[in-house]
Number of protein chains: 2
Amino acid sequence: MSYIDKAFAALADPTRRRVMERLASGPKAVGEIAAGFPVSRPAISQHLKVLREAGLVADRAEGTRRVYSIDPEGLGPLRAWLDRFWGVALDAFQAEVEGDREEDEP
Amino acid sequence: MSYIDKAFAALADPTRRRVMERLASGPKAVGEIAAGFPVSRPAISQHLKVLREAGLVADRAEGTRRVYSIDPEGLGPLRAWLDRFWGVALDAFQAEVEGDREEDEP
DNA sequence: ACTTACGGTAAGCCATGAGTTACATAGATA
DNA sequence: TATCTATGTAACTCATGGCTTACCGTAAGT
């Protein structure tokens with residue numbers, strides 16, 4: 001399973017995306033993250049594990065607490081994958097808007 | 001279920017991402033897309049339905065064939081969501097690097 | 001009109017995954 | 001040491017989703 005696979009699978013879950021958004025305002029411990037979520041703390045722990053293995057967050061020990069933060073490196077491949085389409089899709093869109101000419105592509 | 005939800009859920013499946021990549025080279029009919037995939041044609045039909053409802057592809061009738069193409073508009077929200085983190089995450093990363101500089105000993 | 005090509009839909013099977021509770025482990029504190 | 005706090009893990013349940021086969025509708029060709 002590639003990094004792209006893991007990253008997309010990780011972000012497919014709405015709760016995990018909310019965790020990411022919560023971490024966007026700065027590193028936080030598990031308890032802080034779990035507070036305000038409608039699910040249990042163990043559930044958040046499991047979500048954080050998925051995000052970590054996808055390279056989207058990093059964690060460090062701080063006493064008995066575990067502080068998680070967004071890992072900028074993990075977002076790169078995602079953006080790259082999307083950007084691969086960006087150009088192509090816009091080109092196709094542009095070509096379509098300008099009117100269908102002969103498809104002279106070799 | 002928001003567009004972001006649908007878009008991420010749609011792209012979470014590897015087969016659907018491969019469909020997107022295949023469409024990146026230009027619009028194609030269902031049969032053309034299904035050819036070369038290890039799954040059945042109905043499966044591809046179902047995947048295309050998910051992608052369409054997520055706004056990631058558009059379809060038009062062409063005789064008895066149904067031609068699908070990438071919908072550039074659908075990719076926007078995804079990129080926007082990722083970009084929301086881009087700045088914040090890089091800032092956090094920067095701050096962390098500068099803050100840890102004195103206590104970090106390789 | 002009959003037939004063929006193309007593709008969407010229904011029903012069922014099975015694997016995966018998100019959630020729960022209960023328990024285990026490590027560091028801080030009295 | 002005893003214990004409290006903070007978090008990870010195990011075992012289980014239940015819903016979801018991807019795949020298959022079978023079938024149906026529609027457009028084109030004869």
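Every chain is numbered from 1, with letters handed out A, B, ... down the list of sequences.
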S.K.: Rounding to a whole Å, what distance do you find between A:Lys49:NZ and C:dG17:P?
M.R.: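 Distance check: A:Lys49 NZ to C:dG17 P gives 13 Å.
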S.K.: Only one of A:Leu11, A:Leu48, A:Val50 clears side chain to side chain contact (heavy atoms under 4.5 Å, CB included) with A:Arg16; which?
M.R.: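 Going through the options one by one, the only one that passes is A:Val50.
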S.K.: Within the 4.0 Å heavy-atom criterion, would you say B:Ala61 contacts the bases, only the backbone, or no part of the nucleic acid?
M.R.: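 It contacts nothing in the nucleic acid.
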S.K.: Does C:dA28 have OP1 or OP2 under 4.0 Å away from a side-chain N or O of A:Thr64?
M.R.: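 Result: no.
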S.K.: Less than 4.5 Å apart, any side-chain heavy atom of A:Trp81 and any of B:Met20?
M.R.: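 Heavy-atom side-chain distance check passes, below 4.5 Å.
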S.K.: Let's test your reading of the model: under 3.5 Å, does the base of C:dG8 pair with the side chain of B:Arg41 as donor and acceptor?
M.R.: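 Per atom types, the contact qualifies.
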S.K.: Quick one: is C:dG8 close enough that its OP1 or OP2 comes under 4.0 Å of any side-chain N or O from B:Ser45?
M.R.: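 It does, given that an N or O in the side chain of B:Ser45 lies less than 4.0 Å from OP1 or OP2 of C:dG8.
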S.K.: Roughly, in whole Å, what's the span from CG in A:Asp13 to C1' in D:dG17?
M.R.: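 After rounding, the gap between these two atoms is 14 Å.
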S.K.: How close or far is atom C1' of C:dG7 from atom CD of B:Glu62, stated in whole angstroms?
M.R.: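 In whole Å, C:dG7 C1' lies 14 Å from B:Glu62 CD.
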S.K.: Quick test of your reading of the model: are A:Arg65 and A:Glu32 salt-bridged, counting only N-O distances below 4.0 Å?
M.R.: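 Answer for the salt bridge query: yes.
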S.K.: What's the CZ-C1' distance between A:Arg66 and D:dT9, to the nearest Å?
M.R.: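 The answer, rounded to whole Å, is 14 Å.
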S.K.: Rounded to the nearest Å, what distance is computed from the CZ atom of residue B:Arg18 to the P atom of nucleotide D:dG18?
M.R.: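 Distance, rounded to whole Å: 16 Å.
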S.K.: Would you check if A:Ile70 and A:Leu75 make a side-chain contact, meaning some heavy-atom pair closer than 4.5 Å?
M.R.: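 Contact flag for A:Ile70/A:Leu75 side chains = yes.
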S.K.: Would you mind classifying the nucleic acid contact of A:Arg52 as base, sugar-phosphate or nothing, using non-hydrogen atoms under 4.0 angstrom?
M.R.: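 Counting heavy atoms under 4.0 Å across all strands, no contact is made by A:Arg52.
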S.K.: Check every atom of D:dT20, D:dG8, C:dG8 against the side chain of B:Tyr68 and return the nucleotide holding the closest atom.
M.R.: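 The nucleotide sitting nearest to the side chain is C:dG8.
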S.K.: Could you tell me the separation between the CD atom of B:Glu32 and the P atom of C:dC6, rounded to a whole number of Å?
M.R.: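 To the nearest whole Å, that distance equals 10 Å.
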S.K.: Below 30° counts as parallel, above 60° as perpendicular, anything between as tilted: where do the rings of B:Phe8 and A:Phe8 land?
M.R.: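 If you compare the ring of B:Phe8 with that of A:Phe8, the planes turn out tilted.
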S.K.: Check whether the side chain of A:Gln46 and the base of C:dT20 form a donor-acceptor pair under 3.5 Å.
M.R.: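 Side chain to base: pair present.
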S.K.: Using the closest heavy atom to pick a nucleotide of DNA chain C for each, name whichever of B:Ile44 or A:Val39 lands nearer the 5' end.
M.R.: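 Looking at DNA chain C, the more 5' nearest nucleotide goes with B:Ile44.
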S.K.: Rounded to whole angstrom units, what separation is found between the NZ atom of A:Lys28 and the C1' atom of D:dT7?
M.R.: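 Spelled out: NZ on A:Lys28 to C1' on D:dT7 is 18 Å.
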S.K.: Can you check the B:Arg65 CZ to C:dG8 C1' distance for me, whole Å?
M.R.: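 After rounding, the gap between these two atoms is 16 Å.
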